[in-house]
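Just the heavy atoms: all of them, side chains too, but no hydrogens, waters or symmetry mates, feed the values below. Values in this document were obtained by computation on a predicted structure and should not be read as measured data. Remember, it's 1-based here, ligands and their atoms both numbered in the order they're listed.
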Amino acid sequence: MDAAANAAAAKDAEARLSRREMLGGVGSAAALLAAGAVAPAAASAATSTAAAATPAHAGALPASGPATRGGQRMARLYPHESAARSTRDLSGFWGFRLDPRDEGEASGWPQGFSGARTIPVPASWNELFDDAAEYFGTAWYQKEFLLDPGWRGRRVYLRFGAASYRARAWLNGQLLGEHEGGHLPFEFDVSALVRATGPNRLVVLVDNAQREERVPAASRPGAGFNFPSYPGVTFDFFPYGGLHRPVLLYSTPATAIEDIAVHTDLVAGHGIVRAGLQVSGGWNGMATVSVESAAAGAVAQVRVAVRAGRAEAELVVDPVRPWSPEDPFLYTLVVRLADAQPDEYRLPIGIRTIVVDKDGLRLNGKPLFLAGFGRHEDFPIHGKGLDLPVLVRDYELLKWIGANSFRTSHYPYSDEALMLADQYGLLVIDESPAVSLGFGDPDPVIAARHAQHARALAEMHARDKNHPCVIAWSVANEPGIGAPVGTPAEHAALVERGLAYFRPLFTDMRARDPSRPVVLVSFGTGPDEWSALGDFICTNLYFGWYVAGGQPGEVVRGLLEKELDRLHAVHGKPVMLTEFGADTTAGVHAEPATMWSEEYQSQLMELTMQAVRARPFMVGAHPWAFADFRTAQGIMRSGGLNQKGVFTRERQPKLAAHTLRRLWRA
Ligand code: GCB
């Protein structure tokens, strides 16, 4: 890096640091030094594998970690309906009560509580009730339901799509278990507790306390902030609380298909589908596995022997209609067990390959450039609650603008978001909830985050592994040294600490899934050593905003080009610009363009896309962000909104949307 780029990078680091302080994320220098640079115990023994991803060759079921924990089962197969399975959605009105003194459990609320008001599920509580607008503690939900008479004698499961952040559930007064992590599903086997006649009462405690050991994390208590924000979080989005995704009841036969792991390949013009199966209770018997299309019925079929609950099937689909953004064709993989009560599971699949090597990304053997956005699950009133109309509108707008992809910044999105992306042919970088990790924090805090982060990655993979839309896993967004620039030795120790943290996460993710690239999304001067763990380099650069804001286009362009070239030279891997942008208040215009105006954002998009497209090693560019979104209040976020959206929060285009549409649809 030459002197000018070096200075710019240092400025970027500084700007990031003070921005993070503004968001409440950086501990005091004294605390950071006191914390030392010791790696979390679990991390220290691991090694890294940074091999480029190749198409998978195994259909074997990946080890996704313990199937049950704290009474809950890891949610793997989505409860799609079939001839043998039914699903009931408990979405709707529930009873709700805040518990600011945390007295509910001791006061018998698990049996059912009085004083409830009505809340919709799914939704966040924060934009519904004024007294809950800034409420980040414990709240209680309850709902009564009757069991479908046809479900008697069958296995019955209860599945929560997501509860932010920790949930504990009781059915008819009996504790089912507990789950931590706000963005992934969990389920309970309720067969023994559910009443066949009379009402069943479901009670759920949802705790959304902002704590520094959670992922993502609250800011460190007592840390010295330059620009406090409220609430004090380390990340730039609002920490909404609630049952954010549907709560489903589903039933299966006694012997059930518990997991399927599909890998697809394209060889000499035909499709290969490999499926690893897992059946409950160590079952032995025969299974039929077929690939069906709506028009042609079964296009491939095999019978396999299931031994001790495991089997692998390989099917050849010829001719094949590969899945791609231009033609997102979905087959259905159907698995049937030859049992007295035959289970049947129907899984939508797309047959495609994704490969990264030093020359770039290839989908189905063809060069791929990712044009799209970082997004958020965020909408007025719903908060982070699943909103199907918004989902459809967002994907329509992605198609309108000519995008082919998005990143689930900064946490796994809903099941529904991925199912719909499969249908729309949108390519997804699936990101874990580990945003803004700081490595200057004390050992026990980092160790707790590491354990939670590892679980979230296992759960994300277990849930999302079969979606053709998911083309890469993002382990984290913008982890930082988390300390003001210290001596080189202090800096090096923190870099090492981060490496010891990340290496085992990369190793585990690659072991689970050799078929997809694994990346880490870095920023400006985020340590190159961490980015190097990824199969391609992902970087967030805000030249023209946090660095060189308002300066002439040539200055911004020069800084950007230098940093992209530097990253490519250092890593020798393809590079993706995963974020760039400028806050823009819709309706503010300026000629010549100035910061915050629609013209400024539009010009920044255009010059950035030109610089990116002129570099063959660039595999994508995602402007930040798709739409304006709610975040913590502070002096850098007018109206409590991040306004870097190319669309407003209500999904109306700013000038930059038309510019990108022109560039991306050309
Ligand atoms: C980033 C973060 C994103 C922020 C964005 C911003 O680098 O990844 O979460 O919202 O910058 O607008 O500052």
>> Less than 6.0 angstrom separating the ring centers of Phe373 and Trp664, yes or no?
In response: yes
With heavy atoms under 4.0 Å as the rule, classify the contact between [X] and ligand 1 as side chain, backbone, both or neither.
X: Phe523; value: neither
X: Asn477; value: side chain
X: Arg407; value: neither
X: Phe237; value: neither
X: Phe629; value: side chain
X: Asn642; value: side chain
X: Phe235; value: neither

>> One thing to verify: whether Arg557 and Glu561 come together as a salt bridge, which I'm taking to mean a side-chain N less than 4.0 angstrom from a carboxylate O.
In response: yes
>> Less than 4.0 angstrom from a charged side-chain N to a carboxylate O is my criterion; do Lys399 and Glu396 meet it?
In response: no
>> Using the salt bridge (Lys or Arg N to Asp or Glu O under 4.0 Å) definition, which of the options Arg630, Arg649, Arg651 pairs with Asp378?
In response: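 Going through Arg630, Arg649, Arg651 one by one, the salt bridge (Lys or Arg N to Asp or Glu O under 4.0 Å) with Asp378 is satisfied by Arg649 alone.
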> Which atoms of ligand 1 sit under 4.0 Å from any heavy atom of Glu579?
Replying inline: 1 (C), 2 (C), 3 (C), 5 (C), 7 (O), 8 (O), 11 (O)
> In terms of atom number and element, which parts of ligand 1 are under 4.0 angstrom from non-hydrogen atoms of Glu478?
Replying inline: 1 (C), 2 (C), 7 (O), 8 (O)
>> Is the shortest side-chain heavy-atom distance between Arg516 and Met509 below 4.5 Å?
In response: no
> Is it true that Tyr546 lies under 4.0 Å from ligand 1, counting heavy atoms only?
Replying inline: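 Within the 4.0 Å threshold, so yes.
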> Quick one: does Arg637 get a heavy atom under 4.0 Å from ligand 1?
Replying inline: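 It does; at least one heavy atom falls under 4.0 Å.
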>> So, using side chain to side chain donor-acceptor pair (under 3.5 Å) as the criterion, who are the partners of Arg393 when residues are at least two apart?
In response: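 Arg393 satisfies side chain to side chain donor-acceptor pair (under 3.5 Å) with no other residue.
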>> So, using side chain to side chain donor-acceptor pair (under 3.5 Å) as the criterion, who are the partners of Asp583 when residues are at least two apart?
In response: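 Once residues adjacent in sequence are excluded, the partners of Asp583 under the side chain to side chain donor-acceptor pair (under 3.5 Å) criterion are Trp545, Lys644.
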> Nearest heavy-atom pair of Ala621 and Phe369: which atoms, and what distance?
Replying inline: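 Distance-wise, the nearest heavy atoms are N-CZ, 3.7 Å.
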